[in-house]
Protein chains: 2
Amino acid sequence: MAAAQVKPERQQNGGSSSLLSVFLFDCRLGKSSCEEKTLHVRRGYKEFHADICKAFGIKPSEVFVVSTTNREELTETNFNGIIKDGITLYILKTIDQSLPSSTQERINFLPHYDTLVKSGMYEYYASEGQNPLPFALAELIDNSLSATARNSGIRNIQIRLLFDESLGKPAVAVIDNGKGMSSIQLKNWAIYRLSKFRRGYEAYSDDVGYVRPPPVARSLNSDISYFGVGGKQAVFFIGHSTRIITKTSGSQDVHEFLLSKEDFEKKEKNRESIYDGYIRNRKPADFSHVSEDDKNLRNLIMEEKDKENFTAVIVTGVQAEHIQFLKNFRHLWVTQLAHIYHYYVHGPKGHILGKPRTTPFSCIDIEVYIYEKAKAPKILNLREIKDDMQTLYINSAADSFEFKALVEREGVVEGIIRYHPFLYDKETYPDDPYFSSKDKDDIDDIDDDCFIVEKEARGKRPIFECFWNGRLIPYTTIHEFDWCTIPKKRGLLPTECYNRISGVLFTNDKFEVSTNKLTFLDLGLKLQDKNTIFTRVMNCQDQRVKIDREFALWLKECHEKYDKQIKFFGFKGVITRHDV
Amino acid sequence: MAAAQVKPERQQNGGSSSLLSVFLFDCRLGKSSCEEKTLHVRRGYKEFHADICKAFGIKPSEVFVVSTTNREELTETNFNGIIKDGITLYILKTIDQSLPSSTQERINFLPHYDTLVKSGMYEYYASEGQNPLPFALAELIDNSLSATARNSGIRNIQIRLLFDESLGKPAVAVIDNGKGMSSIQLKNWAIYRLSKFRRGYEAYSDDVGYVRPPPVARSLNSDISYFGVGGKQAVFFIGHSTRIITKTSGSQDVHEFLLSKEDFEKKEKNRESIYDGYIRNRKPADFSHVSEDDKNLRNLIMEEKDKENFTAVIVTGVQAEHIQFLKNFRHLWVTQLAHIYHYYVHGPKGHILGKPRTTPFSCIDIEVYIYEKAKAPKILNLREIKDDMQTLYINSAADSFEFKALVEREGVVEGIIRYHPFLYDKETYPDDPYFSSKDKDDIDDIDDDCFIVEKEARGKRPIFECFWNGRLIPYTTIHEFDWCTIPKKRGLLPTECYNRISGVLFTNDKFEVSTNKLTFLDLGLKLQDKNTIFTRVMNCQDQRVKIDREFALWLKECHEKYDKQIKFFGFKGVITRHDV
Ligand SMILES: Nc1ncnc2c1ncn2[C@@H]1O[C@H](COP(=O)(O)OP(=O)(O)OP(=O)(O)O)[C@@H](O)[C@H]1O
Ligand SMILES: Nc1ncnc2c1ncn2[C@@H]1O[C@H](COP(=O)(O)OP(=O)(O)OP(=O)(O)O)[C@@H](O)[C@H]1O
Ligand SMILES: [Mg+2]
Ligand SMILES: [Mg+2]
């Protein structure tokens with residue numbers, strides 16, 4: 001490769017030009033304003049001094065000092081240490097005189113590379129004892145959902161945990177059969193905070209401008225990008241090096257980009273431009289640049305043969321504790337992902353156990369592959385998970401109540417409330433492993449003298465889980481609304497019925513979420529707004545009715561129809577029936 | 001000012017050099033690898049074509065195409081649109097041939113300026129109905145606390161709300177009498193993610209390297225910087241333009257820097273380097289660059305006369321809803337700030353009403369000034385607030401129990417539990433306006449048939465509020481520890497006593513918080529760790545005793561000593577005594 005140097009972004013200490021430019025302000029007293037001139041530094045202090053005298057017409061007899069803007073006097077000794085390309089200097093009568101007029105000092109404030117490298121480190125936090133790693137993985141799944149949104153056939157998203165050390169260093173890969181990226185789009189992937197809304201501008205232009213997708217049920221629009229940071233935050237939360245390999249349909253070339261902490265550190269050390277890099281363009285399945293030891297990567301690249309379009313995000317330098325968690329708590333995090341993407345995987349009606357899949361949504365396959373040494377690979381499809389919270393809620397519900405909330409101008413929230421009846425001798429309300437069960441214990445334990453049946457079913461849990469563009473926002477819950485809470489005055493039916501409801505809210509993109517997609521910014525506040533209108537939805541039709549009355553009637557009906565309270569008393573001992 | 005052009009960071013479309021460089025890979029089939037050469041573009045397509053033939057020794061008879069890496073063929077028509085400085089091009093036999101070997105395409109992925117401009121927009125979210133604006137203000141107060149840490153006299157931090165429109169556009173200013181910044185430090189302020197730990201490196205070096213302060217009681221170390229993003233996030237959450245004015249002690253000059261959304265937009269439009277800018281260096285009190293209309297700013301600059309060192313952060317373009325909130329909910333947010341900085345303002349023992357201030361901490365003044373048209377300015381000192389939650393807890397407590405938790409290597413958590421007794425006819429446990437009171441209502445309302453006195457005092461609130469380096473992290477609470485929760489088996493004393501305790505945890509910087517400083521990353525998980533050791537602290541001495549037993553005994557003592565349950569029954573009517 002011919003040695004060719006791209007003009008670098010100006011770094012404070014960077015620059016490889018032979019002649020340095022410095023900016024000089026003549027601030028000697030007596031002038032009304034400081035004249036500015038640019039000088040090139042030819043050699044040492046002496047020549048520089050002479051050049052200054054010449055440029056500003058200073059007589060040899062005149063006494064003056066040259067100083068930095070921090071009033072450090074330039075001398076023969078410190079000259080080489082101080083002079084840098086683009087530095088601003090003063091010509092002063094005395095080092096501590098005040099400035100006759102203001103001066104403009106040129107600065108460069110390029111974001112530090114930690115902007116990328118540490119972008120995820122302090123974003124994904126634990127709440128209620130949840131390890132946030134699945135939420136970082138979710139960012140990559142979000143991107144794959146967007147990328148596969150217009151697939152004509154099956155949408156396939158694979159999370160591959162390459163933990164067989166005999167095949168190379170551990171890696172976490174997310175691979176989809178989505179539309180892929182051109183090299184411009186791949187470059188744009190790496191631009192921090194370049195959101196889809198900014199792509200129109202020519203410097204970035206990589207596609208037609210952003211078009212907001214039309215409204216769909218449960219806002220399952222696959223449009224889960226917003227900030228231009230998710231992928232970067234996720235990969236640097238998981239590990240410290242990421243390779244993205246991608247190909248668009250019809251393209252001859254695969255594009256590959258490596259972004260790593262190590263590489264940034266090297267560039268800083270060598271005073272190279274921090275945000276310059278290379279994309280490798282190559283034939284599909286050409287792994288000649290990959291070392292023989294890295295069998296995992298070679299295998300992945302070999303798979304390119306059979307793919308028309310795809311994107312693979314391969315994270316290495318994975319933190320040891322993440323590997324442990326992914327290995328040892330597989331069921332936990334896979335179930336959590338099944339929860340987050342429940343409605344993408346199962347469609348707007350969710351996971352109805354025992355019912356064959358028919359909806360168009362059945363074509364999103366999100367699969368987890370785990371490879372470990374001397375073990376058969378483990379494959380899980382999120383669709384097969386049966387104990388994620390939404391599956392539990394849906395399948396223990398006897399009836400449901402649908403509604404809609406209209407907020408401000410275009411904010412639409414679809415809602416469902418489900419009734420989990422009391423059957424025979426117990427509540428059917430599902431347990432949430434993440435909802436601090438201590439709170440429920442509290443109640444169980446203090447009931448020696450007072451049986452609080454009212455609190456048992458839901459306990460202290462909020463009613464509503466909240467989905468944004470169809471995807472769970474895990475740390476925001478909505479406790480209740482005025483119209484579905486236990487009424488102040490004793491009403492039509494036992495208060496415990498109010499604790500037998502669970503709910504889901506589906507918002508569209510008019511509601512904002514935080515950059516880590518863990519919380520809504522102000523969903524709760526907006527729903528409380530007095531202008532928010534709630535309507536009941538029956539058979540897909542909005543009903544102009546009083547929601548509170550409707551809800552109370554529905555709840556009453558649920559209670560009368562589904563709650564079956566049978567109490568056995570007077571226990572007389574166990575009888576074994578021999579006649580059956 | 002002489003027109004002088006600093007070499008810009010390379011922008012995708014930027015660059016003002018007359019001769020463009022492009023990188024050409026000869027990818028014609030038959031070669032085993034693609035040779036690369038750099039060419040300068042002299043004039044139009046024809047000359048370029050000729051130059052290519054010459055450079056690569058291509059015979060005039062040979063048919064070839066030149067294309068972009070996205071395989072768009074270069075033609076006379078699109079030449080000017082495609083050719084940009086630093087672009088990579090291919091020489092191909094046919095436009096859709098595959099590459100004989102991989103090519104390296106140069107890219108630049110400079111973070112978008114939204115990195116700064118939108119840094120705070122999706123960070124400060126609402127929780128429990130709290131407007132997050134005070135938490136953004138807190139970032140600026142954090143910075144001022146750090147800056148004033150080594151003041152010898154009074155540490156003064158003023159939040160000035162300049163809302164008198166006759167004096168200029170509305171502004172929010174935070175002004176401190178701290179150490180100020182040199183122009184290098186001011187430049188570093190603007191560098192996104194440049195944390196204090198990176199300052200050692202020469203490009204940034206602006207001070208001695210970071211020195212971790214020695215341990216102090218309650219970790220009140222004033223060292224509340226961590227990520228290099230807080231100030232930027234805060235100012236762009238509050239408004240869209242920020243002026244920082246600062247001076248260090250002994251310096252002749254004031255340094256002033258303006259960072260604004262508008263400015264970024266202008267630079268993008270003019271294809272200028274996004275992260276290049278100017279610092280204005282000038283005499284103190286020189287406001288000649290400020291328009292006459294902007295009386296607010298002129299007045300602030302005039303104040304510089306009397307100050308040896310200071311920093312003023314002045315945010316304009318303040319969002320209308322923020323102004324409304326700041327005006328209309330003054331008591332709310334001032335109290336919230338008093339809560340966040342309770343221990344900085346009152347010292348490690350907190351706000352003991354009626355006791356004169358004596359501790360060394362009494363010298364931090366955090367003041368709020370509100371200026372509105374035709375109103376007298378309103379001044380509030382956070383120290384005077386009497387109804388922030390910590391003041392309420394401290395002053396309604398009858399006794400306290402101190403402990404320490406040692407986590408992993410260097411993690412230290414100091415803890416206090418306070419007992420709020422039942423007095424005569426009611427609980428003295430203070431109400432929290434932010435803790436969704438609906439939950440408490442629930443309980444009050446269902447008590448027709450069952451009086452649950454156990455739940456009344458604290459309700460469902462978690463026991464512990466958590467402070468990091470002495471400053472409240474508002475959205476992380478710790479519910480309880482095993483040893484201070486209601487025991488499974490009925491114990492020594494009534495369960496309601498366990499609901500009469502409030503608590504505070506003070507962590508040092510070995511615990512991590514999220515970049516928005518709203519939550520701890522994993523404090524809860526770490527405290528639950530089985531290796532975490534709890535010890536009781538009495539008279540500043542760690543006691544090697546069983547914490548659970550100690551706590552139970554203390555609680556029992558509190559109950560016996562302080563709870564005074566007097567019930568009046570048999571009401572006979574009101575009697576007016578005429579003899580007193
Ligand atoms: N799997 C993928 N397939 C195709 N394009 C992708 C893929 N992943 C990312 N991209 C592209 O890279 C861009 C950047 O992704 P990133 O997740 O960092 O930000 P974002 O999705 O735009 O916004 P957010 O911060 O909300 O995630 C995306 O907008 C998309 O254009
Ligand atoms: N009021 C001030 N006085 C002096 N220096 C300040 C002041 N405010 C900010 N600085 C300097 O600017 C730097 C950047 O501030 P900023 O709040 O953006 O990040 P940080 O405080 O370093 O980290 P964090 O993200 O935790 O807030 C600080 O580290 C400090 O050196
Ligand atoms: Mg994304
Ligand atoms: Mg800060």
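Every chain is numbered from 1, with letters handed out A, B, ... down the list of sequences. These numbers come from a predicted model, not from an experiment.
Contact of Ser288(A) with chain B is not made at all, since no heavy-atom distance falls under 4.5 Å. For chain B, no part of Glu35(A) is nearby; none of its heavy atoms comes within less than 4.5 Å. Contacts of His255(A) with chain B are made by side-chain atoms alone, with heavy-atom separations under 4.5 Å and no backbone atom involved.
Aromatic ring centres of Tyr122(A) and Phe520(B): separated by at least 6.0 Å. Ring pair Phe109(B)/Phe257(A): centre-to-centre distance below 6.0 Å.
Between chain B and the options Thr69(A), Leu523(A), Asp96(A), Leu116(A), the largest number of non-hydrogen pairs under 4.5 Å is found for Asp96(A). Considering only heavy-atom pairs separated by less than 4.5 Å from chain A, the leading option among Gly277(B), Pro132(B), Ser182(B) is Gly277(B). Contact count against chain B (heavy-atom pairs under 4.5 Å) is highest for Leu521(A) among Thr515(A), Thr476(A), Leu521(A), Thr68(A). Of the listed residues (Thr519(A), Leu186(A), Asp286(A), Asn516(A)), the one with the most heavy-atom contacts under 4.5 Å to chain B is Thr519(A). Interface remark: of the candidates Asp522(A), Asp253(A), Val513(A), Leu259(A), Asp253(A) forms the most heavy-atom pairs closer than 4.5 Å to chain B. Your options are Asn70(B), Thr88(B), Thr248(B), and the one with the most heavy-atom pairs under 4.5 Å with chain A is Asn70(B). Your options are Tyr475(B), Tyr125(B), Phe227(B), Tyr498(B), and the one with the most heavy-atom pairs under 4.5 Å with chain A is Tyr125(B).
The distance from the CG atom of Asp114(A) to the CZ atom of Arg198(B) is 4.0 Å, given to the nearest 0.5 Å. Separation of atoms CD (Gln252(A)) and CZ (Arg71(B)) is listed at 4.5 Å; rounding is to 0.5 Å. Between atom CG of residue Leu110(A) and atom CG of residue Asp276(B) there is a gap of 9.0 Å, rounded to the nearest 0.5 Å. The distance from the NE2 atom of His112(A) to the CG atom of Leu194(B) is 6.0 Å, given to the nearest 0.5 Å.
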Side chain to side chain donor-acceptor pair (under 3.5 Å) assessment of Asn281(A) paired with Tyr90(B): CA-CA 11 Å; Asn281(A) 299 314; Tyr90(B) 296 155; 2.9 Å; yes

Test side chain to side chain donor-acceptor pair (under 3.5 Å) applied to Arg193(A) and Thr115(B), step by step: CA-CA 6 Å; Arg193(A) 282 272 175 190; Thr115(B) 299; 5.5 Å; no

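With hydrogens and angles left out, the side-chain atoms of Glu123(A) and Ser514(B) include no donor and acceptor closer than 3.5 Å. Glu105(A) and Ser183(B) share a donor-acceptor pair across their side chains, judged by distance under 3.5 Å alone.
Each of Glu256(B), Lys283(B), Arg282(B) was scored for a side chain to side chain contact (heavy atoms under 4.5 Å, CB included) with Ser102(A), with one residue passing: Arg282(B).
For Leu525(A) against Gly129(B), the heavy-atom pair with the smallest separation is CD2-CA, 3.7 Å. Between Lys187(A) and Ile107(B) the shortest heavy-atom distance is CG-CB, 3.6 Å. The two residues Arg106(B) and Tyr278(A) have their closest heavy-atom pair at CG-CE2, 3.4 Å.
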